[in-house]
Student: 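Mind looking over this structure? Questions follow.
Basis for what follows: all heavy atoms, side chains included, without hydrogens, waters or symmetry-related copies. Chain letters run A, B, ... following the sequence lines, proteins first and then strands; every chain starts at 1.
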Number of protein chains: 2
Amino acid sequence: MADVKHSAGRQDSFAGLCREHNLKITPQRTAIYGLLKGCTDHPSADYVYRQIRQEFPNISFETVNRTLLTFAAIGLIAIVESTAGVRRFDPDMESHHHIHCIRCGTIIDFRHEGFDGIAVPESLSEKYSIIGKRVVLHVICPRCRQQEAAGMQPPG
Amino acid sequence: MADVKHSAGRQDSFAGLCREHNLKITPQRTAIYGLLKGCTDHPSADYVYRQIRQEFPNISFETVNRTLLTFAAIGLIAIVESTAGVRRFDPDMESHHHIHCIRCGTIIDFRHEGFDGIAVPESLSEKYSIIGKRVVLHVICPRCRQQEAAGMQPPG
DNA sequence: GTGATTGCAAACCTTTTGCACGCCA
DNA sequence: TGGCGTGCAAAAGGTTTGCAATCAC
């Protein structure tokens, strides 16, 4: 599975990142991380909970949810955008792209013709009916950056 | 505000699309659409509700929510992905892109080096701290396409 | 030993559904 | 006039919080 390969100088192992952030290595966390690493899709907290219960019948949903949020906070996993749950509506039906602040969650539209024309690989356009495409930039917006600079404190 | 300009042959006026789909033009729908068109961000149903109540004190949240979903269904507005509410977690922290089926909501990862290298306009990278970027393809997946073909029926 | 973590329970928030009345076409 | 659309109420689905007991370090 060509696992840890792109570490690129950053400690991206479970144990390492936990130590870095003073998180204890608990059986629950270990199990949740292990399960996640075996997922190729984007499981919800509920899915992880139901899976992990087969191994840890006593684990609670709250632990799973908190653990996932913790993992995301330390950069061990990512939270992907989806259209489930709380929905956001966009009155702009023209092709445009998004700037997504990963701190405050704000999404800002922008247009950039250079992005409109990117070519979709044939292997994909053969299999899927391409309706549209969008570039999403994950950023920290000026306001959040300021707040971070102001309230700068070690993550512990 | 350079409004209706790119109609591109498609009937994208509120009244036109409503007629096309046999939806009645009610004051509520008109007001909701008008409010949306003035939004440059991506309001939630709750935000729209609170705004619209200043004009229609008697409108209910359910009407707002249903109307928004209806608008999205007929292609008058779009639903954008967000990380609010129901979350999906991604154990894959390497740069990758997403195929998002707009029917079933499934999100599939894919890698494509051609997408990794797209250049962010300087005007943006100056203002925002770019953490990463991702191309999201909006598609109809083979399974949903089959179902559509099978159950083909007019939207009325 | 100590403080972080867990599991329980309840609160909280948003979305969805059923139904009777009212309004648009 | 007929049937869709609305508003009310309640349910449903998911997330978050407070706290005492427990466990990793």
Student: Would you tell me if any nitrogen or oxygen in the side chain of Asn65(B) comes within less than 4.0 Å of OP1 or OP2 on dT14(C)?
Tutor: no
Student: Taking only side-chain N and O atoms of Gln28(B), does any of them lie within less than 4.0 angstrom of OP1 or OP2 on dG7(D)?
Tutor: yes
Student: Could you tell me the separation between the CZ atom of Arg53(A) and the P atom of dG7(C), rounded to a whole number of Å?
Tutor: 11 Å
Student: Just how far, in rounded Å, is C1' of dG3(C) from CD1 of Ile25(A)?
Tutor: 16 Å
Student: Grab the CZ-P distance between Arg29(B) and dG7(D) for me, whole Å please.
Tutor: 11 Å
Student: At less than 4.0 Å, is any side-chain N or O atom of Thr26(A) found next to OP1 or OP2 of dA4(C)? Yes or no.
Tutor: no
Student: What's Asp46(A) touching, base or sugar-phosphate or nothing? Going by heavy atoms closer than 4.0 Å.
Tutor: nothing
Student: Can you check whether Ser60(B) has a side-chain N or O nearer than 4.0 Å to OP1 or OP2 of dG7(D)?
Tutor: yes
Student: Can you tell me how far P of dC23(D) sits from CZ of Phe56(A), to the nearest Å?
Tutor: 12 Å
Student: Roughly how many Å is it from CD1 in Ile32(B) to C1' in dG5(D), rounded to a whole number?
Tutor: 11 Å
Student: On DNA chain C, check which nucleotide each of Leu69(B) and Asn58(A) is closest to and give me the residue with the more 5' one.
Tutor: Asn58(A)
Student: So does Ser95(A) get a backbone contact from the side chain of Arg111(A), meaning a donor-acceptor N/O pair under 3.5 Å?
Tutor: yes
Student: Pick the nucleotide of DNA chain C nearest each of Pro27(B) and Arg66(B); which residue has the one closer to the 5' end?
Tutor: Arg66(B)
Student: Report yes if a side-chain nitrogen or oxygen of Arg87(A) is closer than 4.0 Å to either non-bridging phosphate oxygen (OP1 or OP2) of dT16(C); otherwise report no.
Tutor: yes
Student: Within less than 4.0 Å of OP1 or OP2 of dG7(D), is there a side-chain N or O belonging to Thr63(B)?
Tutor: yes
Student: Does the pair Lys133(A) and His138(B) meet the rule for a side chain to side chain contact (heavy atoms under 4.5 Å, CB included), with working shown?
Tutor: CA-CA 6 Å; Lys133(A) 47 188 190 283; His138(B) 295 116; over 6 Å; no
Student: Just call it for Leu68(A): base, sugar-phosphate, or nothing, with non-hydrogen atoms closer than 4.0 Å on any strand.
Tutor: nothing
Student: Among the candidates dT16(D), dT6(D), dT14(C), find the nucleotide nearest to the side-chain atoms of Phe61(A).
Tutor: dT16(D)
Student: How long is the line joining CZ of Arg19(A) and C1' of dC25(D), in whole Å?
Tutor: 11 Å
Student: About how many Å separate CG of Asn65(A) and OG of Ser44(A), when rounded to the nearest 0.5 Å?
Tutor: 9.5 Å
Student: For His96(A) and His112(A), I'd like to know if the aromatic rings sit close, meaning centre-to-centre distance below 6.0 Å.
Tutor: no
Student: Starting from C1' on dA20(D), measure out to CD on Glu62(A) and report it in whole angstrom.
Tutor: 15 Å
Student: Measure the acute angle between the ring planes of Tyr33(B) and Phe14(B), then classify it against the limits of 30° and 60° as parallel, tilted or perpendicular.
Tutor: parallel
Student: Check the distance between dG22(C)'s C1' and Lys24(B)'s NZ and give it to me in whole angstrom.
Tutor: 11 Å
